[in-house]
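Note that this is a predicted model, so its numbers are computed, not measured. Naming: A, B, ... by sequence-line order, numbering from 1 per chain.
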Amino acid sequence: MDISRLKGFREFLPDEMEARRRVFEVMRQTALSFGFGEVDMPSLERLDLFRVKSGEEIVEQTFSFVDKGGREVTLIPELTPALARIVAHRKDLQKPVRWFSIPKIWRYEEPQSGRLREFYQFNADIFGSSSIYADAEVIALAMEILHRLGLAGKFQMRISDRYMMEAILRELGDVDVDRAFRAIDKIGRADEGWIQNELISAGIPDPDEFMGFISSHGGQDVLDDIEAAYPSTRPRCERLRDLMSLLDAYGFREHVVDLSIVRGLAYYTGVVFEAHDAKGEFRAILGGGRYDTVVKLFGGEDTPAVGFGMGDAVLELLMRREGVWPEERFSPDVFVASAGAREYAIEVAMKLRREGFRVEMDLSGKGLSKQLRYASRRGIPFVVIVGDREMEKGVAVLRDMAAGTQVEVPLKDLPALLRGRLP
RNA sequence: GCCGGGAUGGGGUAGUGGCCAUCCUGGGGGACUGUGGAUCCCCUGACCCGGGUUCAAUUCCCGGUCCCGGCCCCA
């Protein structure tokens, strides 16, 4: 019998979980500050929910199985279809809908650096607004999260527009758009000769010149060049210019136009974006874009949408490298040590707990020496010592473990004193 | 699914075709029943799995699993 942990799955103990929880809390507070509401969705869904959007090949990349009722089901590989289903059917929802979530999601792939089979993914979407303001708002949320996580200037937000790329490809002739996109998506990762061959096969006559264009990334000047060379891109260039200006207005500096960003998925429409490590060490930190046709696929009205997803794996690698991953340590604020007078110790512990402190209490019934040793080893910064003497006087002894000093205080003053000493 | 490198107590490691498999750390207990970190003592606990070669395999060979990394893919 094999009871070992499955490949690509992680276990988090309190120390590790505390760090991750803090990171998620930053994401959550940032999204809330942007007026996004938090949602949660089922972890198990019908496989058909994902077939609608992505086709049969997705089955091989999901944790799917037939349940006891004969239904084909799967652990969700992404959140968007469930959201689109709700938006399609809940016609009472006032638009624009702005939602975020931090679900666990599952993908049956080979684990490697920054990629696991089970991971958390922060997800934010706006449904019901086709305006460029919505694109800007979503991208700004992504950048603000990275900023608040201590990654300002450590990433680059690369932005493109699929419609613009399609316009360029149409000007080049009879091009196999999907194939060209796949090749473009590999720029910077795959062999350049191979990419050129793929581009030729896709029907692009002069891949050298073409790659020159899409390899250049930067600000408005890149858009000017594109517009001059491919006049039919003008409306999309205008839109991208607006987007870049809006992101300036949000106060960000990490955004650039980068035509090599196309995203692998067929359903994206219009603006697409990815945030990358500025040093180019890791795979994409996050990715997203516009998907204006998806809600309709689920039977709803034509509902424009834009959003992004950010997994915790690459983010963690990057934050660790930059030294901004939170300290991996969980400990209570206070340990209540009991020297007899167990009921009084319980009373003190509960008082502190209800005042908002993290309070661990002795459960061993061992001597004070052992209790102090335990608290010391756990790294708990304060110990409250209570026994018969303290109970009779209605006081408690507050011991600062780092300083090795202690004071006797009336019980009613204990919370305030503790609050003043904790960081 | 494919390719490369790994795998020795909970964590980190040394080492070996044969003898009680090394050390550090952690965990439990004690010296110490109202004051911790030090020290000392005791206890706990490992050669990834299966097959092969061999008198003998943790060690060599093959396969698998898992970990790390790369490819494919990346919703």
Side-chain angles (χ1 to χ4, degrees), chain A residues 1-11 13 15 45 47 49-62 74-84 105-117 119 121 123 181-182 185-186 189-191 194 262-268 272 274 281-289 291 294 297 307-309 311 313-314 317 335 337-341 345 362 364-391 396-406 408:
Chain A
M1 192 164 55
D2 184 359
I3 59 166
S4 59
R5 177 170 43 79
L6 251 21
K7 179 202 313 206
F9 287 71
R10 297 169 292 177
E11 298 162 323
L13 273 51
D15 286 342
E45 292 276 9
L47 198 48
L49 182 67
F50 301 94
R51 285 204 176 98
V52 168
K53 207 181 76 172
S54 310
E56 191 59 41
E57 72 279 7
I58 204 162
V59 174
E60 295 163 28
Q61 293 160 33
T62 56
T74 183
L75 290 167
I76 59 168
E78 58 167 333
L79 198 68
T80 307
L83 300 179
I105 63 179
W106 294 265
R107 296 182 183 177
Y108 202 98
E109 298 183 291
E110 283 312 309
Q112 52 191 270
S113 180
R115 195 166 81 182
L116 299 156
R117 287 186 168 182
F119 55 98
Q121 189 189 59
N123 198 273
F181 273 9
R182 282 180 183 279
D185 187 44
K186 289 187 169 49
R189 287 184 293 154
D191 176 69
W194 181 90
V262 293
R263 307 287 293 153
L265 273 184
Y267 67 74
Y268 279 114
V272 288
E274 289 178 0
E281 199 176 324
F282 307 119
R283 63 184 72 235
I285 306 161
L286 63 87
Y291 49 100
V294 172
L297 277 179
F308 75 95
V314 174
L317 291 176
F335 183 86
S338 160
D362 173 64
S364 72
K366 287 181 182 144
L368 184 57
S369 180
K370 285 279 183 207
Q371 295 182 47
L372 285 168
R373 167 138 78 145
Y374 173 81
S376 173
R377 289 200 188 181
R378 288 262 345 241
I380 302 172
F382 291 95
V383 172
V384 169
I385 302 167
V386 290
D388 296 327
R389 301 205 292 260
E390 287 76 17
M391 180 175 70
V397 171
L398 177 62
R399 182 169 179 82
D400 181 329
M401 295 300 277
T405 58
Q406 60 187 46
E408 186 180 285

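Of the listed nucleotides (G29(B), C72(B), C66(B)), G29(B) has the atom at the smallest distance from the side chain of Lys366(A). Closest contact between the side chain of Arg182(A) and the listed nucleotides G70(B), G34(B), C73(B) involves C73(B). With C67(B), G34(B), C73(B) as the choices, the nucleotide that has an atom nearest any side-chain atom of Arg5(A) turns out to be C67(B).
Classification of the Tyr291(A)-Tyr267(A) ring pair by plane angle, with boundaries at 30° and 60°, yields perpendicular.
With both pairing distances under 3.5 Å, G10(B) is matched to U25(B) as a Watson-Crick or G-U wobble pair. For C55(B), the paired nucleotide is G18(B), the pair qualifying as Watson-Crick or G-U wobble because both relevant distances are below 3.5 Å. Base pairing of C71(B): its partner is G1(B), meeting the Watson-Crick or G-U wobble criterion (both donor-acceptor distances under 3.5 Å). With both pairing distances under 3.5 Å, C40(B) is matched to G30(B) as a Watson-Crick or G-U wobble pair.
Residues Val397(A) and Glu390(A) meet the side-chain proximity criterion, which asks for heavy atoms closer than 4.5 Å. Side-chain atoms of Arg373(A) and Lys366(A), non-hydrogen and from C-beta on, never get closer than 4.5 Å to each other. At a threshold of 4.5 Å between non-hydrogen side-chain atoms, the residues Asp400(A) and Phe382(A) count as touching.
Atom CZ of Arg10(A) and atom P of C66(B) are 17 Å apart (whole Å). Rounded to whole angstrom, the span from the CD atom of Glu109(A) across to the P atom of G1(B) amounts to 12 Å. In this entry the distance linking CD1 of Ile105(A) with P of C73(B) reads 19 Å, nearest Å. In this structure, Glu11(A) atom CD and C66(B) atom P are separated by 15 Å, rounded to whole Å. The separation between Leu116(A) atom CG and G70(B) atom C1' is 16 Å, rounded to whole Å. Glu110(A) has its CD atom 6 Å from the P atom of G1(B), to the nearest Å. Distance Phe9(A) CZ to C67(B) P: 10 Å, rounded to the nearest Å. Atom P of nucleotide G27(B) and atom CZ of Arg378(A) are separated by 11 Å, given to the nearest angstrom.
Both Lys7(A) and Arg283(A) lie close to RNA chain B; mapped to their nearest nucleotides by heavy-atom distance, the more 5′-ward contact belongs to Lys7(A).
Distance check on atom C1': U59(B) versus G18(B) gives 11 Å, rounded to whole Å. Straight-line distance between the P atoms of A46(B) and G34(B): roughly 38 Å, to the nearest whole Å. For the P atoms, the distance linking U22(B) with C42(B) amounts to 15 Å, nearest Å. The gap from the P atom of G26(B) to that of G12(B) amounts to 15 Å, rounded to the nearest Å. Taking atom C1' in both U8(B) and U58(B), the straight-line distance is 8 Å, to the nearest Å. When the C1' atom is used for both C71(B) and U54(B), the distance is 40 Å, rounded to whole Å. Across G27(B) and A14(B), the matching C1' atoms stand 22 Å from one another, rounded to whole Å. Across the P atoms, A57(B) and C49(B) are found 14 Å apart, a figure rounded to whole Å.
If you check every strand for non-hydrogen atoms under 4.0 Å, Ile385(A) touches a base. In this structure, Asn123(A) reaches neither bases nor backbone, as no heavy-atom distance under 4.0 Å exists between it and the strands shown. Within the 4.0 angstrom heavy-atom criterion, no nucleotide atom of any strand lies near Gly289(A).
Under 4.0 Å is where a charged nitrogen must lie from a carboxylate oxygen, and between Arg115(A) and Glu110(A) no such pair does.
For Phe282(A), the CZ atom counts as densely surrounded, since its 6.0 Å shell holds more than 12 non-hydrogen atoms of other residues, nucleotides or ligands.
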From CA spacing to verdict: side-chain contact (heavy atoms from CB on, under 4.5 Å), Asn123(A), Leu83(A):
CA-CA 11 Å; Asn123(A) 198 273; Leu83(A) 300 179; 4.0 Å; yes
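A donor-acceptor contact under 3.5 Å links the side chain of Gln406(A) to the base of U35(B). No hydrogens or angles were tested; on distance alone, a donor-acceptor pair under 3.5 Å links the side chain of Glu390(A) to the base of G34(B).
Listed here is the closest heavy atom pair of Pro111(A) and Gly8(A): CG-CA, 3.8 Å.
Distance check: Trp106(A) CH2 to Arg117(A) CZ gives 14.5 Å after rounding to the nearest 0.5 Å.
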Expected rows: protein N/O vs nucleotides 36-38 of chain B N/O, under 3.5 Å:
from, atom 1, to, atom 2, distance (Å)
G36(B), N7, Arg399(A), NH2, 2.8
G36(B), O6, Arg399(A), NH2, 3.0
G36(B), O6, Met401(A), O, 3.3
G36(B), N1, Met401(A), O, 2.5
G36(B), N2, Ser376(A), OG, 3.2
G36(B), N2, Met401(A), O, 3.3
G36(B), N3, Ser376(A), OG, 3.3
G37(B), N1, Met401(A), O, 3.3

